[in-house]
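Read through the structure below, which is laid out as structure tokens, and then see the notes.
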Number of protein chains: 2
Amino acid sequence: MRADIAGERVPALTAKEKCMETGDHKDCLGVIMPVRDALDVINGKWKLPIIIAISRGHKRFRDIERNIPKITSKVLSKELKDLEAHKLVKRSVFDSQPVSVEYTLTPYAATLNPVIDALFTWGTEHRKTIFGSSGSNGAH
Amino acid sequence: MRADIAGERVPALTAKEKCMETGDHKDCLGVIMPVRDALDVINGKWKLPIIIAISRGHKRFRDIERNIPKITSKVLSKELKDLEAHKLVKRSVFDSQPVSVEYTLTPYAATLNPVIDALFTWGTEHRKTIFGSSGSNGAH
DNA sequence: TAAAGCACTATCCTAAAAGTAACCGCCTTA
DNA sequence: TAAGGCGGTTACTTTTAGGATAGTGCTTTA
């Protein structure tokens with residue numbers, strides 16, 4: 001398990017534009033590295049679905065579990081810990097009669113919205129491309 | 001709405017009732033499924049880096065390999081096949097001396113640009129968040 | 001009193017992803 | 001003649017993700 005940051009360079013923000021504008025294709029590392037950093041946090045099939053479920057108002061363990069098709073307790077438990085370690089999810093325990101636990105998104109998780117939006121949009125279009133324009137039935 | 005966690009009991013709704021009451025359930029799946037469709041295509045640590053490398057002008061096998069840190073021939077070969085199967089990459093063989101092979105992106109791959117942009121932007125910020133605040137450079 | 005919900009954890013196991021290393025034939029350059 | 005580039009393939013091993021199944025201690029509900 002490595003929450004690593006690939007490489008040592010920190011391109012100020014021009015790496016990509018510079019690369020595209022000049023047609024200089026020597027350095028694609030400036031684009032690849034940050035993308036890989038992002039993928040390292042987001043990877044696996046469960047992390048984004050979990051974030052989405054929580055953002056939709058599902059705070060409790062069983063509630064999240066119920067709303068993500070095919071996920072198991074074990075996987076959910078592990079992924080929530082990962083997400084907490086990455087400061088994307090906060091776990092709060094309330095000392096009520098049956099102790100209850102709530103998972104909420106941190107403000108930092110909100111910065112992932114553009115990523116989720118882009119994936120949602122692309123995924124929606126991709127689905128149409130694959131199943132044809134009349135397919136509305138989820139095949140999972 | 002959340003008075004029950006403070007200890008005072010409120011007629012407990014089952015999770016399903018809560019869900020139907022708020023209407024969250026349906027919305028949740030409607031977002032999760034397309035995102036998972038997208039992740040199914042993009043997942044793994046190599047596919048997006050490969051697409052980025054090709055988009056930067058690296059068309060030849062060895063050229064792509066050289067520009068993606070740590071990738072091996074075996075993995076590159078397999079991932080290129082996957083990308084071809086997903087209609088994101090085109091493989092062209094030129095009958096020159098010696099026979100040369102070029103990999104290019106399809107127009108469909110260009111539709112992934114918003115996804116790559118979002119990941120690039122988030123990854124860049126994420127890296128700053130991890131290293132940036134206290135000025136220590138812990139890159140390996 | 002039994003069943004069921006909650007928030008998990010434990011154990012075992014398989015399939016896939018990924019790493020390592022060697023190797024292919026073909027061609028060019030030194 | 002050797003070294004090295006090209007576009008890969010094959011075989012083997014390790015690592016990881018994730019599925020299946022069960023069970024924990026607690027509380028509430030029927």
Side-chain angles (χ1 to χ4, degrees), chain A residues 1-4 6 36 39-50 53-54 58-85 89-104 140, chain B residues 2 4-5 7-19 36 39-50 53-54 58-85 89-104:
Chain A
M1 119 192 257
R2 36 203 302 267
D4 71 328
R36 287 202 45 182
L39 289 175
D40 283 344
V41 175
I42 282 171
N43 66 7
K45 42 195 288 202
W46 302 115
K47 289 193 180 65
L48 287 183
I50 290 168
I54 298 176
H58 303 289
K59 302 168 187 290
R60 310 289 297 270
F61 191 91
R62 289 287 177 204
D63 197 14
I64 298 166
E65 188 178 3
R66 242 180 268 113
N67 280 281
I68 300 175
K70 308 289 190 186
I71 201 169
T72 63
S73 302
K74 180 194 144 189
V75 169
L76 178 56
S77 174
K78 181 224 163 207
E79 298 288 302
L80 282 170
K81 280 170 189 163
D82 285 1
L83 257 13
E84 218 190 326
V89 161
K90 173 133 192 295
R91 182 179 185 269
S92 313
V93 180
F94 296 95
D95 196 7
S96 47
Q97 325 311 352
V99 169
S100 77
V101 181
E102 283 192 3
Y103 295 90
T104 48
H140 289 101
Chain B
R2 299 191 50 258
D4 58 320
I5 65 160
E8 127 194 17
R9 293 302 304 162
V10 157
L13 294 178
T14 66
K16 189 176 183 180
E17 284 166 333
K18 260 188 227 168
C19 212
R36 287 203 43 181
L39 289 175
D40 283 346
V41 175
I42 282 171
N43 67 8
K45 40 197 286 201
W46 302 116
K47 289 193 180 64
L48 288 183
I50 289 168
I54 297 177
H58 302 289
K59 302 170 186 292
R60 311 289 296 270
F61 190 91
R62 293 287 179 203
D63 197 15
I64 298 166
E65 189 178 0
R66 245 181 268 112
N67 281 279
I68 300 175
K70 308 288 189 185
I71 201 169
T72 63
S73 301
K74 180 195 141 187
V75 169
L76 178 56
S77 174
K78 182 228 163 204
E79 297 289 301
L80 283 170
K81 280 170 188 164
D82 284 1
L83 291 170
E84 220 191 325
V89 161
K90 173 137 192 294
R91 181 178 185 270
S92 315
V93 180
F94 295 96
D95 195 4
S96 48
Q97 332 287 340
V99 170
S100 76
V101 181
E102 280 191 5
Y103 294 91
T104 49

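Because only heavy atoms are used, hydrogens play no part in the values below, and waters and symmetry mates are left out as well, while side chains stay in. Computed from a predicted model, the values in this text were never measured in an experiment. A, B, ... follow the sequence lines: proteins, then strands. Residue 1 opens every chain.
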What pair of heavy atoms forms the shortest contact from B/T104 to B/I54, and how long is it? CA-CG2, 3.9 Å
Applying a 4.0 Å non-hydrogen cut-off, can you work out what A/K74 is touching in the nucleic acid: base, sugar-phosphate, or nothing? base
Tell me: CD1 of B/I71 to P of D/dG7, nearest whole Å? 14 Å
Looking only at side-chain atoms of B/W46, point me to the closest of C/dG19, C/dA7, D/dG8. C/dG19
Can you figure out which of D/dG7, D/dA17, D/dT9 approaches the side chain of A/K78 most closely? D/dA17
Exam field: side chain B/R60 to backbone B/V101, donor-acceptor pair closer than 3.5 Å: yes
Over how many whole Å does the gap from A/D40 atom CG to D/dT16 atom C1' extend? 14 Å
Respond yes when some side-chain nitrogen or oxygen of B/R62 is under 4.0 Å from OP1 or OP2 of C/dC27, and no when none is. no
What integer distance in Å separates A/R36:CZ from C/dA18:P? 10 Å
Any side-chain N or O of A/K47 less than 4.0 Å from the OP1 or OP2 oxygen of D/dA17? no
For the residue pair B/I64 and B/H58, establish whether any side-chain heavy-atom pair is separated by less than 4.5 Å. yes
For A/S73 and for A/N43, locate the closest nucleotide of DNA chain D by heavy-atom distance; then report the residue assigned to the nucleotide nearer the 5' terminus. A/N43
At less than 4.0 Å, is any side-chain N or O atom of A/R66 found next to OP1 or OP2 of C/dA7? Yes or no. no
Dump the intermediate steps for side-chain contact (heavy atoms from CB on, under 4.5 Å) on B/K70 and B/W46, then the final yes or no. CA-CA 10 Å; B/K70 308 288 189 185; B/W46 302 116; 4.3 Å; yes
Atom CD of A/Q97 to atom C1' of D/dT28: distance rounded to whole Å? 12 Å
Strictly below 4.0 Å: does A/Y103 bring a side-chain N or O up to OP1 or OP2 of C/dC6? no
Distance check needed: D/dC6 P versus B/N67 CG, whole Å only. 12 Å
Under 4.0 Å, heavy atoms only, any strand: does A/T72 hit a base, just the sugar-phosphate, or nothing? nothing
Side-chain N,O (A/K81) to OP1/OP2 (C/dT9) below 4.0 Å: yes
Name the closest nucleotide to the B/V75 side chain, picking from D/dG7, C/dG19, D/dG18. C/dG19
Tell me whether the side-chain N/O atoms of B/S77 come closer than 4.0 Å to OP1 or OP2 in D/dT9. yes
Under 4.0 Å between a side-chain N/O of A/R60 and OP1 or OP2 of C/dC6, yes or no? no
Within this structure, what is the CG-to-P distance between A/L76 and D/dA17, rounded to whole angstrom? 16 Å
Salt bridge flag under 4.0 Å for residues A/D40 and A/R36: no
Whole angstrom is fine here: how far is it from CG in B/L39 over to P in D/dG18? 11 Å
Nucleotide D/dG8, atom P - distance to CD of B/E79 in whole Å: 15 Å
Any salt bridge between A/R62 and A/E65, counting N to O under 4.0 Å? yes
